[in-house]
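Structure, as structure tokens:
Protein chains get the first letters and strands the later ones, always in sequence-line order, with residue 1 at the start of each.
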Protein chains: 2
Amino acid sequence: MPKHYTDFLAKHGIKSTHQRNLVLDLLHQMNSPASAEEIYQKAALLQPTLNLSTIYRTLELFSSKNIVTKTILSETKKAIYELNTAGHKHYMVCVKCKALLPLENCPCALIEEAVSSQGGFEIIGHKLEIMGYCSRCK
Amino acid sequence: MPKHYTDFLAKHGIKSTHQRNLVLDLLHQMNSPASAEEIYQKAALLQPTLNLSTIYRTLELFSSKNIVTKTILSETKKAIYELNTAGHKHYMVCVKCKALLPLENCPCALIEEAVSSQGGFEIIGHKLEIMGYCSRCK
DNA sequence: ATCAGTGCAAAAGCTTTGCAGCGGT
DNA sequence: ACCGCTGCAAAGCTTTTGCACTGAT
């Protein structure tokens with residue numbers, strides 16, 4: 001049973017369990033955000049009794065603790081999750097092959113600056129999604 | 001039966017029907033995007049036999065003809081629709097009262113400029129959503 | 001009269017939830 | 001031993017779809 005994250009989880013006030021450690025393991029192995037279903041598929045290979053709803057509950061929990069970020073893709077309306085390791089919060093989505101390409105230099109500052117001129121609104125975050133064709137599909 | 005939009009619809013290669021005229025009427029009256037359900041509620045007051053699926057089909061049709069724009073709000077995962085009258089494509093969403101405040105000066109140019117430096121990706125559009133507190137909820 | 005549009009009901013797809021039993025500290 | 005976590009099954013919610021009837025031109 002993977003317990004590598006017991007301390008890490010405790011630091012966030014979360015109990016360590018087999019399932020949570022497994023999900024954390026998988027999140028660390030991924031190089032791009034994945035849907036609950038995708039995470040479930042990988043997890044089920046290692047622990048077949050594991051349930052999809054546990055994945056959802058775990059991801060929701062991690063999300064509430066800011067361990068992972070949750071993004072809704074507007075095209076599919078599906079949520080994708082990834083570790084919240086600073087940076088990489090926006091993606092370019094290829095409308096053809098559905099590839100997700102991280103936006104290295106997020107123009108956050110530019111956006112919030114441009115918007116803040118509209119007084120009265122206190123910005124706490126933003127979502128940005130770029131649609132187009134990746135280099136292979138173009 | 002409202003027929004005011006017969007010519008307008010014909011111009012887009014769409015037949016004029018009672019339901020479509022009604023939806024167009026309502027879209028014109030709205031001052032902010034609405035969900036299919038909201039449009040349905042208003043429409044049902046005027047034509048009780050009208051069905052939700054007709055609203056969805058009509059909005060999808062209008063969307064495919066670029067008469068309306070469809071936006072997925074990430075918080076609720078629900079689609080909202082509005083007339084595609086140039087500008088007003090992004091919103092600030094109040095996380096408390098759910099108010100939608102249009103972004104007058106969309107930093108599109110800034111964004112696409114900042115992103116285009118990552119060669120190889122051909123941008124055809126983008127989605128931007130600002131989260132925060134509106135002046136009343138702050 | 002023809003063929004698209006519509007109402008109705010059911011299905012689909014992702015996500016959430018109630019409950020009883022299991023498992024971690 | 002206690003209380004939260006999990007598996008299972010079912011429900012929820014928005015949106016889509018099949019089908020037969022209706023209605024617009």
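- Considering only side-chain N and O atoms, T17(A) lies nowhere under 4.0 angstrom from the phosphate OP1 or OP2 of dG4(D).
- We find that CG of L9(B) is positioned 14 Å from C1' of dA4(C), with the value rounded to whole Å.
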Name the atoms and distances for all side-chain donor-acceptor pairs under 3.5 Å in residues 50-63 of chain A, with sequence neighbours left out.
| unit_1 | atom_1 | unit_2 | atom_2 | d |
| --- | --- | --- | --- | --- |
| N51(A) | OD1 | S53(A) | N | 2.9 |
| N51(A) | OD1 | S53(A) | OG | 2.8 |
| T58(A) | OG1 | T54(A) | O | 2.7 |
| E60(A) | OE1 | K70(A) | NZ | 3.3 |

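- Atom pair D7(A):CG and dT25(C):P shows a separation of 11 Å (rounding to whole Å applied).
- Residue order along DNA chain C, read from the 5' end via each residue's closest nucleotide, puts Q47(B) first among E37(A) and Q47(B).
- For S16(A), the listed nucleotide lying nearest its side chain is dT25(C); candidates were dT15(D), dT16(D), dT25(C).
- Atom C1' of nucleotide dC14(C) and atom CD of E60(A) are separated by 13 Å, given to the nearest angstrom.
- Residues I67(B) and K65(B) meet the side-chain proximity criterion, which asks for heavy atoms closer than 4.5 Å.
- With hydrogens and angles ignored, the 3.5 Å screen pairs no side-chain donor or acceptor of N84(B) with any backbone N or O of T69(B).
- What you find for A43(B) and L22(B) is that their closest heavy atoms are O-CD1, 4.1 Å.
- Each of T54(A) and K77(B) was matched to the nucleotide of DNA chain D holding its nearest heavy atom; the match closer to the 5' end belongs to T54(A).
- We find the CD1-CD distance between I72(B) and E75(A) to be 10.0 Å, quoted to the nearest 0.5 Å.
- Side-chain nitrogen and oxygen atoms of Q19(B) include none within less than 4.0 Å of the OP1 or OP2 phosphate oxygen of dG23(D).
- In this entry the distance linking CD1 of I39(A) with P of dC14(C) reads 14 Å, nearest Å.
- Applying the 3.5 Å distance criterion, the base of dG4(D) shares no donor-acceptor pair with the side chain of R57(A).
- When the C1' atoms of four end pairs are superposed on the next four at each end of the helix from dA1(C)-dT25(D) to dT25(C)-dA1(D), using five pairs per end, the two resulting axes differ in direction by 30°, to 10°.
- Side-chain contact between K127(A) and M131(B) is present, with heavy atoms from C-beta onward closer than 4.5 Å.
- Note: NE2 (H18(B)) to P (dT6(C)) measures 11 Å, nearest angstrom.
- Distance CG (N21(A)) to P (dG24(C)): 10 Å, rounded to an integer number of Å.
- Contact between the side-chain N/O atoms of R20(B) and the OP1/OP2 oxygens of dT6(C) is found at a separation under 4.0 Å.
- Of the side-chain N and O atoms in K15(B), none sit less than 4.0 angstrom from OP1 or OP2 of dA24(D).
- Relative orientation of the F8(B) and H12(B) rings is tilted, given thresholds of 30° and 60° on the angle between their planes.
- Between S53(B) and dC8(C) there is no side-chain polar atom (N or O) within less than 4.0 angstrom of OP1 or OP2.
- Using a 4.0 Å cut-off, no side-chain N or O of Y56(B) falls inside it from OP1 or OP2 of dT16(D).
- Atoms CD (E75(A)) and P (dT15(D)) sit 16 Å apart, rounded to a whole Å.
- Both L52(B) and N51(A) sit near DNA chain C, but only L52(B) has its closest nucleotide nearer the 5' end.
- Rounded to a whole Å, the NZ atom of K78(A) is 13 Å from the C1' atom of dA12(C).
- Here the shortest heavy-atom pairing between K77(A) and A79(B) reads NZ-N, 3.9 Å.
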